[in-house]
Amino acid sequence: MARSRKHLPPESERELVDLMVRHVRRAFGRQTRLAREVKTHGRFRTDVCLYADGRILAIEAKLIDWQRALGQARLNTFYADRSYIALWQPRLTDGIVLEANKHGVGVIGVSRSGIAVVDSICASKPDPALRTRVLAATFA
Amino acid sequence: MRHFLAYGNSDQASFRMPGVQSAFDYLTVPGTIASYYPDATAAFVLSSKLDYMIDPRTPLFQERIDIPKASHYSLADWHGPAVRARMGSEETRGPVSFTPSFYTDTVIRSMVDAVVGRQREYGDRASGIQEQLDRYQRLAEAAQMAAPAPAITKGKRPSFVLLPYFVTDGEDDWRAVNLSIRAYGQQLPRPDTISPVVAVREVNALDRLLGEFPAGLSQTVFFWVDRFDERDVGTDSLTRLAQIVAAHSSRLDLVNLYGGFFSICLSYVGLWGFNNGLGYSESRDWPDLPATGAAPARYYMRRLHCFVSPGLGEFITRAAPSLACGCEICQGRSVVSLSYHELKQHFALARKWEIELVGARPKAQLSAELIDAADTYLREIGPILPAGIGRVNPQYLRRWASALNQIA
C-alpha cells in the first residue's frame, strides 16, 4: 500500500526549508521577519534567519547530514541569539537533540503538518559587533 | 629575513595601511597585474614609494594554454613580439602551445630584452600617468593621515630585476631554455643587477640548478618549488629544502617566491628572503589552476601558523585563549567581527610577529613552541569541536619541529 504523502520526506533541502518557512510564524510569532541565505561571517551563509521579539534566530537545515548542519549552527551562535538545526522530523533522534544541546544549538523537527521546536538550554553568546552588523544588513 | 609581500588587485586599501606597510620589506607586483592594469598598477606602486619588484610570471607561456585569459595577452606583450605573436588573436582566443623548441635564441633574446626592459623602465612610467599618480598619492596620504606631499614626477625603480624563467625538472628541455636565458642576461648591461629565477618541479632539482649560474648575474636568486605546500610536505622534503638553502646561502642571497612560516624558519640556515600574498600564495601549483576573484576571507592563527575560516578562528580563540592573537587589530575584538581588510591587516601583523619570533628564538626553543601549539590545539580544541566543522590537523607543526631539529 502506498505511503500517505504526509509521511514522504522532502525531495530536496530546498523543499525542507520551504516546509519549515511555511510554519515558522506559527511557532515564533506572527510578527516574525524572515530572510534566507544570510551572509554572516567569512564565506558562511545561514539558510534562514528570523527576527522575532528582538532576537535573531539562525537556522541551518539539512536533509541528510545533520552533523554538518550542527557544525554550521554552532558557528551561528557567534551572531545569533538562538541557533537551530532543522531536520526532517522522522529522522530526529534523542541523540541528535542531546548532541545539539551540548553545543548550545536547538533543534527544529520539520514535518508536512508543522514544526516542533526544542530550544537548547545553553544560551548563545553572540558577538555584539557582528550581531549588530548582521541585524543591520538583514532586517534594517 | 626579508619579507616580500605580493600585491593583488583587491589589496590596494590594505597595502595603504601603515600597519601593513610596516610588515614587509618589498612589494611584489605580479607581472599579470602590472601588464593587465598597467596605469592603475603603476600609479599605485609608484605613489606608494615602497621598494618593489615585478615577477614576470613567464611560466604562463609554458606548454599548452587551452583557454587563454585576457591577462595572457597583456602579459605576452611584456614578453616581447615573438611571444605575443604566438598567442594569436585576442578576439578568437584559441588554444596555444609553447614548447621548448619555440624558444629559439632569437625568441629568447627578444623576450629577455622585453622583460628586463619593462622592469628597468617601470619607474619612468610616472611621467605618463600623472593624473592617476596624483589621485593614488592622495589616497595613500589619506590612509596614513599624512600631510600632502609634493607631486611624484619620477618613480622609483624596482629593487630587483628578474629574468624570465620556466619550470623545469632539471632534466627536461626547459632547463636548456633557462640556461640560454641566463647566458643572454649575462651579456646585457649591468648584469649584476639582474636576478635569475629557478623554478623546479621537485625540491631535489633545486640543489643542482642553483649551482649552474653564469658569473656576473646578481647574487640575489629567487626560487620556486612547485606544489611545495609547507603544511603538506613531509619532514624529508622540509629537511632537504633546508639542506639546499644551507649549502648555497653562503654565496647566494636566496629568496623563496612562495613560502610561509617554515620559510621564515629557514633563516636559521641562511634563507635571505621569502614571498607570499596578503593572506594567500604560500605555495603555488604549476600549471596554474583556473581561479578568479579576490582571495577568500580567512583568519590567520598566528600560533598555529595556519589559515582558518573566521568562524573556526572565533571558536578556537574563545575556547583556547592562549592561541589568540594580541595584535593591534585583534586586541579587544572578536575574530568574526573583523572586516575583510582587517583580516588582511591582521595577517600582515601576524607575519611580522612570526619573523620577529624566529629572530628572537633559538631553534630548539622555537621547535618546542611549535609542538606546544600543536598539543594545545589537540587538547583544548579537538575534543570540543563539532564534527561538522572543518578542522586543523596540526601535525605539520610537529613536522616543522622535526625538520628544525634535524638541520644544523
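The basis for the numbers below is simple: all heavy atoms, side chains too, and nothing from hydrogens, waters or symmetry mates. Small disclaimer: the values here were computed from a predicted structure and weren't measured. Each chain gets a letter, A, B and so on, in the order the sequences are listed, and its residues count up from 1.
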Who wins among B/Gly388, B/Ala297, B/Pro310, B/Gly313 for the most heavy-atom pairs under 4.5 Å with chain A?
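The option with the most such pairs is B/Gly388.
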
Any side-chain donor paired with an acceptor under 3.5 Å for A/Thr46 and A/Tyr79?
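Note: A/Thr46 and A/Tyr79 side chains meet the donor-acceptor criterion.
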
Between the side chains of B/Glu230 and B/Ser263, does any donor sit under 3.5 Å from an acceptor?
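Checked: B/Glu230/B/Ser263 side chains pair up, N/O donor to acceptor below 3.5 Å.
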
Can you name the residues of residues 320-333 of chain B that have some heavy atom under 4.5 Å away from a heavy atom in chain A?
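From residues 320-333 of chain B, none sit under 4.5 Å of chain A.
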
Count the heavy-atom pairs under 4.5 Å between each of A/Arg74, A/Arg131, A/Arg68 and chain B, then report the option with the highest count.
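Ranked by contacts with chain B, first place is A/Arg74.
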
With a 4.5 Å cut-off on heavy-atom pairs, point out which of A/Gly71, A/Pro128, A/Ala73 contacts chain B the most.
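Answer, by heavy-atom pair count under 4.5 Å with chain B: A/Gly71.
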
Side chain / backbone / both / neither for B/Arg318 at chain A, heavy atoms under 4.5 Å
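B/Arg318 touches chain A through side-chain heavy atoms alone.
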
Below 4.5 Å from any heavy atom of chain A, which atoms of B/Leu343 appear? Answer side chain, backbone, both or neither.
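Neither part.
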
Show the numbers, then the answer: is there a side chain to side chain contact (heavy atoms under 4.5 Å, CB included) between B/Ser309 and A/Phe44?
CA-CA 9 Å; B/Ser309 69; A/Phe44 283 93; 3.8 Å; yes

Check the orientation of B/Phe24 and B/His3. Use parallel for under 30°, tilted for 30 to 60°, and perpendicular for over 60°.
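Aromatic pair B/Phe24/B/His3 classed perpendicular.
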
salt_bridge(B/Asp232, B/Arg227) N-O dist < 4.0 Å:
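Here B/Asp232 does not pair with B/Arg227 in a salt bridge, since their nearest N and O are not under 4.0 Å apart.
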
Do A/Asp53 and A/Arg55 sit within salt-bridge range, that is, some charged N less than 4.0 Å from a carboxylate O?
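Salt bridge absent between A/Asp53 and A/Arg55.
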
Who pairs with B/Phe4 by ring-ring contact (aromatic ring centres under 6.0 Å, His included), at least two apart in sequence or on another chain?
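Partners of B/Phe4 under the ring-ring contact (aromatic ring centres under 6.0 Å, His included) test: B/Tyr26, B/Phe160, B/Phe222.
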
Can any side-chain N or O of B/Asp226 pair as donor or acceptor with the backbone N or O of B/Trp286 at less than 3.5 Å?
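Yes; judged by distance alone, with no hydrogens or angles, the pair exists.
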
Within 45° of the ring axis of A/Tyr51 and under 6.0 Å from its six-membered ring centre, is that where the NZ or CZ of A/Arg33 lies?
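Checked: cation-pi criterion not met.
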
Measure A/Lys125 against the heavy atoms of chain B and call it side chain, backbone, both or neither at under 4.5 Å.
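Looking at A/Lys125, backbone and side chain both touch chain B.
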
